[in-house]
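All remarks here apply to the structure that follows.
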Amino acid sequence: MYPPELVAPMKRDLVDNGFTELLTSEEVDKALTDKEGLAMVVVNSVCGCAAGSMRPGVKLSLNNAKKPAKLYTVFAGVDREAVEQARKYFLPYPPSSPSIALFKDGKLVHFIERHHIEGRTAEMIGEHLAAAYDQFA
């Protein structure tokens with residue numbers, strides 16, 4: 001577990017941009033069993049690829065004409081219960097942090113694993129997500 005004061009700014013980075021933090025398994029279940037529309041779940045992390053490309057890329061993607069109506073985040077290494085529950089919804093993908101999941105009408109339709117984030121720029125991630133929004137929204 002990371003100290004709360006260390007991760008607070010990393011959490012705020014998404015929360016201040018419209019994301020709802022999911023902190024418990026019950027909150028995850030409630031959010032991800034909603035069967036209407038496009039939802040995104042970001043598994044946030046303290047790693048450099050989350051700070052340098054994932055979070056900025058996610059924020060850039062929200063400038064797209066089509067975008068998820070529901071934005072959620074869980075934090076790996078901090079919100080253990082919520083992350084473990086969210087990962088059940090990400091199957092068959094293995095645990096990955098950071099990562100980004102898109103759900104359409106309650107069904108997982110797109111998943112970006114850490115190896116698709118590492119080495120990519122924020123712009124590349126933003127464009128990738130925008131293309132997925134255009135496809136599924």
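One-based numbering along the sequence shown.
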Closest heavy-atom contact between H116 and R120? O-CG, 3.1 Å
Does anything in residues 65-80 pair up under salt bridge (charged side-chain N to carboxylate O under 4.0 Å, His left out), and if so which pairs, sequence neighbours excluded? K11-D79, D34-K70, R80-E84
Does any pair with a residue in residues 128-137 pass side chain to side chain donor-acceptor pair (under 3.5 Å), and if so which ones, sequence neighbours excluded? S61-Y133, N64-D134, H110-H128
Would you find more than 12 non-hydrogen atoms of other residues, nucleotides or ligands less than 6.0 Å from K35 atom NZ? yes
Which atoms form the tightest heavy-atom contact between L38 and A137, and what is the distance? CD2-CB, 3.8 Å
D13: what forms a side chain to side chain donor-acceptor pair (under 3.5 Å) with it, not counting sequence neighbours? R55, K59
Determine whether M54 and L129 fall in the same hydrophobic cluster, where Ile, Leu, Val, Met, Phe, Trp and Tyr are linked whenever their side-chain heavy atoms lie under 4.5 Å apart. yes
From the options I100, N44, I112, select the one residue that forms a side-chain contact (heavy atoms from CB on, under 4.5 Å) with V58. I100
If a pair satisfies side chain to side chain donor-acceptor pair (under 3.5 Å) and one of its residues is in residues 92-102, list it, with sequence neighbours excluded. none
Using the rule that Ile, Leu, Val, Met, Phe, Trp and Tyr join whenever any side-chain heavy atoms are under 4.5 Å apart, tell me whether Y72 and L108 fall into a single cluster. yes
Could you state the interatomic distance from CZ (R12) to CG (N17), rounded to the nearest 0.5 Å? 12.0 Å
Derivation of the side-chain contact (heavy atoms from CB on, under 4.5 Å) call for F75 and L23: CA-CA 8 Å; F75 206 105; L23 302 173; over 6 Å; no
Considering non-hydrogen atoms only, spot the tightest contact between A76 and V43 and give its length. CB-CG1, 4.0 Å
Separation between CZ (F136) and NZ (K107), nearest 0.5 Å, reads 10.5 Å
Kindly say whether F19 contributes a backbone atom to a donor-acceptor pair with the side chain of T73 at under 3.5 angstrom? no
In this structure, CD of E27 is separated from OG1 of T20 (nearest 0.5 Å) by 9.5 Å
Any chance you could measure L32, atom CG, to L22, atom CG, to the nearest 0.5 Å? 7.0 Å
Other residues, nucleotides, ligands: >12 heavy atoms within 6.0 Å of E5 CD: yes
Residue pair P56 / G52: nearest heavy atoms and the distance that separates them: CG-O, 3.8 Å
Passes side-chain contact (heavy atoms from CB on, under 4.5 Å), C49 versus I117? Steps please. CA-CA 7 Å; C49 62; I117 295 169; 4.2 Å; yes
Assess whether a salt bridge exists between E118 and R114, defined as any Lys/Arg side-chain N lying under 4.0 Å from an Asp/Glu carboxylate O. yes
To check you understand the geometry: which heavy-atom pair defines the closest contact between C47 and P98, and what is its length? SG-CD, 3.4 Å
Tell me, with the steps shown, if L71 and L14 meet side-chain contact (heavy atoms from CB on, under 4.5 Å). CA-CA 9 Å; L71 305 171; L14 293 178; over 6 Å; no
For the pair F103 and F90, name the ring-plane relationship: parallel under 30°, tilted 30 to 60°, perpendicular over 60°. tilted
Closest approach of F111 and A101, non-hydrogen atoms and distance? CD1-CB, 3.6 Å
Is a donor on one side and an acceptor on the other found under 3.5 Å between the side chain of K104 and the backbone of V109? no
Salt bridge (charged side-chain N to carboxylate O under 4.0 Å, His left out) filter on R87, not counting sequence neighbours, yields none
Consider only side-chain heavy atoms of I, L, V, M, F, W and Y, link residues closer than 4.5 Å, and tell whether V83 and V42 are in one cluster. no
Sorted by chain and number, sequence neighbours left out, side chain to side chain donor-acceptor pair (under 3.5 Å) with Q85 holds for D29, K88
